Amino acid sequence: MQNEAGKAIRIYKEGNAFVIKVQGALDIRSLPAFMEQTKKLQDAELLIIDFENMVRLDTAAALYLLRLKHQKNVKFKHLGNRFLQTIELVKNTPPQPLPKPSNCSLLERMGYHFYLKYRFVVALLAFLGELFVKKLTIFLNPKYFRYKEVLFEINQSAIKAIGIVALTSFLVGVVIAYQSAVQLKLYGANIFIVDMLGISILRELAPMITAIVIAGRSGSAYTAEIGAMKITEELDAMRTMGFDPYFYIVIPRIIALSISLPILIFIADIAGVFGGMLIANTQLDISFGLFLERFSSVIDVKHFIIGEIKGPFFAFLIATIAIYRGFMVKDDTQSIGKNTTKSVVESIFAVIVCDALFSVVLTNLGI
Amino acid sequence: MQQVIKVENVKTVFGNKVVHDGLNLHVNEGEIYGLLGPSGCGKTTLMREMVMLEHVYSGHIYVLGKDVTRISQIQVQQLRENWGVLFQFGALFSSLNIAQNIARPLVEYTSLSSSMIEEIVSLKLQLVGLKPKDALLYPSQISGGMKKKAGLARALAMDPKLLFLDEPTSGLDPISAREFDALILKLRDLLNLTIVMVSHDLHSIKGTMDRFAIIDNKKIVYEGPYEGIHTVHSDFVDKFFRE
């Protein structure tokens, strides 16, 4: 760049004036160097810019030349007709400063953010209210229920997720068994690994792991899908054609996930316990037969049922948050990413809070 | 006169569908050149091949003297700084406002001061007929016509030698469309631009284009100025120009 510009300019003194002879193109690429040269000649009384050998002048350069002419005594020499037109064009569009983004005070900003949060809560309530009304409509008129969509979503969010859910749960079972095997061995309490694994996996870990995997997998997909549909105006198109997005998109997904999650939790139970059983066998010499015999005698079926009951609750939270976040997407692409992130984080958080509530309530009920 | 773009025996194939079968055309310097033809004939595809967004199946395309089908990474970058592209719906970056959209290439490719960049942005906005007070609006807050103008301002930001316009007047009201035509003619004259455009707008075809090519049924059925169009006959030409 510097070299190019060096070639593009020649400077010499003529009386008390400096002459700048432009060679080649004076355009946006050579302009920074040209600006530097003219700044060096700041105190010159008179500046003559000779355009005899110039081949190209663009609007950015013309803009700078005019600016220079305003500031000091500058004369243009040998300015061809075509270049004169460019300068005229720039001259005829008067400089108008761009507006500055308004700077607001701390209080104003706080108020603004508080207002946004308030709006968010109101919108969430409106969404939940509309969801409730639409669900009631479906309950009263089952013809609005979309079986096909529900089955499609079950395939998407349950059947295709079996592998990853089972693998994650299996590994968690392995890890838990491994860590406790060491401790239990110390006390010679090897067989109690069955009690421990059974209760912790069936009651807490399997539902939680499934919910977290599904929040990351289906929750993010729901948000991104619906967000993109909003940007491309697909949702608006559906509304004008009389296809209510709640019947076609929202409720099928919530119901599908509510059905999927218990199934997946069941699979996670099997995989987790199997992982633990494998480690019990290799580390603590508990045979599969012994493990299963002990399992059926000490693990109450209520633990399994509690784990399964959590499924629809978690599913409702994940699906509702994900879909709501999808509806919150604005007209720019960044907001898809932002809302997807928020959707996953918020749904995992909600799942954990819900799980804690379950623990408190069930413990107080003595179950 | 120098040839800015030369298309030689270009063949384009998508899957098992042949889109172009041996296209030949050239664009001279300082010309406003049109690509016309029925919907789905591959006008936009050809333009996308010129700006290296699609690959040709066989043949060569020379842009500013370089063969874009066989080109080094460094040359690609030089080429990209020397052309501007206006997409059909503006394709503005939705997370940046209008001013930032236009300033983006200037910030990226030049070492100009921010006050200078701001002046250039203001100038470009006025050149395309937008008001500087709209500069802080985001693409989602403006109309389709404004998006197009802002897209043109962004394409002009670096004062390119070559400008590609994809249906510049579609979706504009007739008054804005004629203003757009006048603007394109003015820019061509003042900045010595070469402009390649895809258009369906008969007014801009008559009013602005020096020459155009009609692609129909995988081939070029006509290349030349508007005056010579009566010498050829095809379904598209007969319907489009004579009714």
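Here the structure is a predicted model, which means the values were calculated and not measured. A, B, ... follow the sequence lines: proteins, then strands. Residue 1 opens every chain.
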Below 3.5 Å, can you tabulate the donor-acceptor pairs from side chains in residues 176-187 of chain B to any protein atom, sequence neighbours excluded?
{"from": "B:S176", "atom 1": "OG", "to": "B:D173", "atom 2": "OD1", "distance (Å)": "3.3"}
{"from": "B:S176", "atom 1": "OG", "to": "B:D173", "atom 2": "OD2", "distance (Å)": "2.6"}
{"from": "B:R178", "atom 1": "NE", "to": "B:D181", "atom 2": "OD2", "distance (Å)": "3.2"}
{"from": "B:R178", "atom 1": "NH2", "to": "B:D181", "atom 2": "OD2", "distance (Å)": "3.1"}
{"from": "B:R178", "atom 1": "NH2", "to": "B:D201", "atom 2": "OD1", "distance (Å)": "3.4"}
{"from": "B:R178", "atom 1": "NH2", "to": "B:D201", "atom 2": "OD2", "distance (Å)": "2.9"}

Practice problem: Find the one option among B:N97, B:L112, B:N192 whose heavy-atom pairs under 4.5 Å with chain A are most numerous. | Solution: B:L112

Quiz prompt | Choice from B:L156, B:L123, B:L127 maximising heavy atom contacts with chain A below 4.5 Å | solution = B:L123

Exercise. Using a heavy-atom cutoff of under 4.5 Å, enumerate the residues of residues 109-124 of chain A that contact chain B, numbered in order, or state 'none'.
Key: none

Enclosure of [X] [atom1] (heavy-atom neighbours >12, cutoff 6.0 Å):
X      : atom1 : result
B:H60  : NE2   : yes
A:H78  : NE2   : yes
A:E233 : CD    : no
B:I74  : CD1   : no
B:F89  : CZ    : no

Residue [X] versus chain B: region with a heavy atom under 4.5 Å:
X      : value
A:D58  : both
A:K100 : both
A:Y64  : both

Quiz item: Considering all heavy atoms of both residues, which atom of A:P99 and which atom of B:P132 are nearest to each other, and what is their separation?
Solution: CD-O, 3.0 Å

Quiz item: Of the non-hydrogen atoms in B:E81 and A:R29, which two are nearest, and what is the gap between them?
Solution: O-NH2, 2.6 Å

Practice problem: Give a yes-or-no answer on whether the side chains of B:D159 and A:T59 include a donor-acceptor pair shorter than 3.5 Å. | Solution: yes

Contacting moiety of [X], where chain A heavy atoms sit under 4.5 Å:
X      : value
B:L125 : side chain
B:K131 : neither
B:I120 : both

Exercise. Go through the steps for A:I28 and B:L106 under the test side chain to side chain contact (heavy atoms under 4.5 Å, CB included), then give the verdict.
Key: CA-CA 9 Å; A:I28 202 152; B:L106 297 166; 3.1 Å; yes

Quiz item: Between B:M116 and A:L31, is any pair of side-chain heavy atoms under 4.5 Å apart?
Solution: yes

Practice problem: Begin from the C-alpha positions of B:S94 and A:K330 and carry the test side chain to side chain contact (heavy atoms under 4.5 Å, CB included) through to its verdict. | Solution: CA-CA 10 Å; B:S94 57; A:K330 294 265 158 21; over 6 Å; no

Self-check item: Gap between atom CD1 of B:I117 and atom CG of A:L98 - 0.5 Å precision
Solution: 11.5 Å

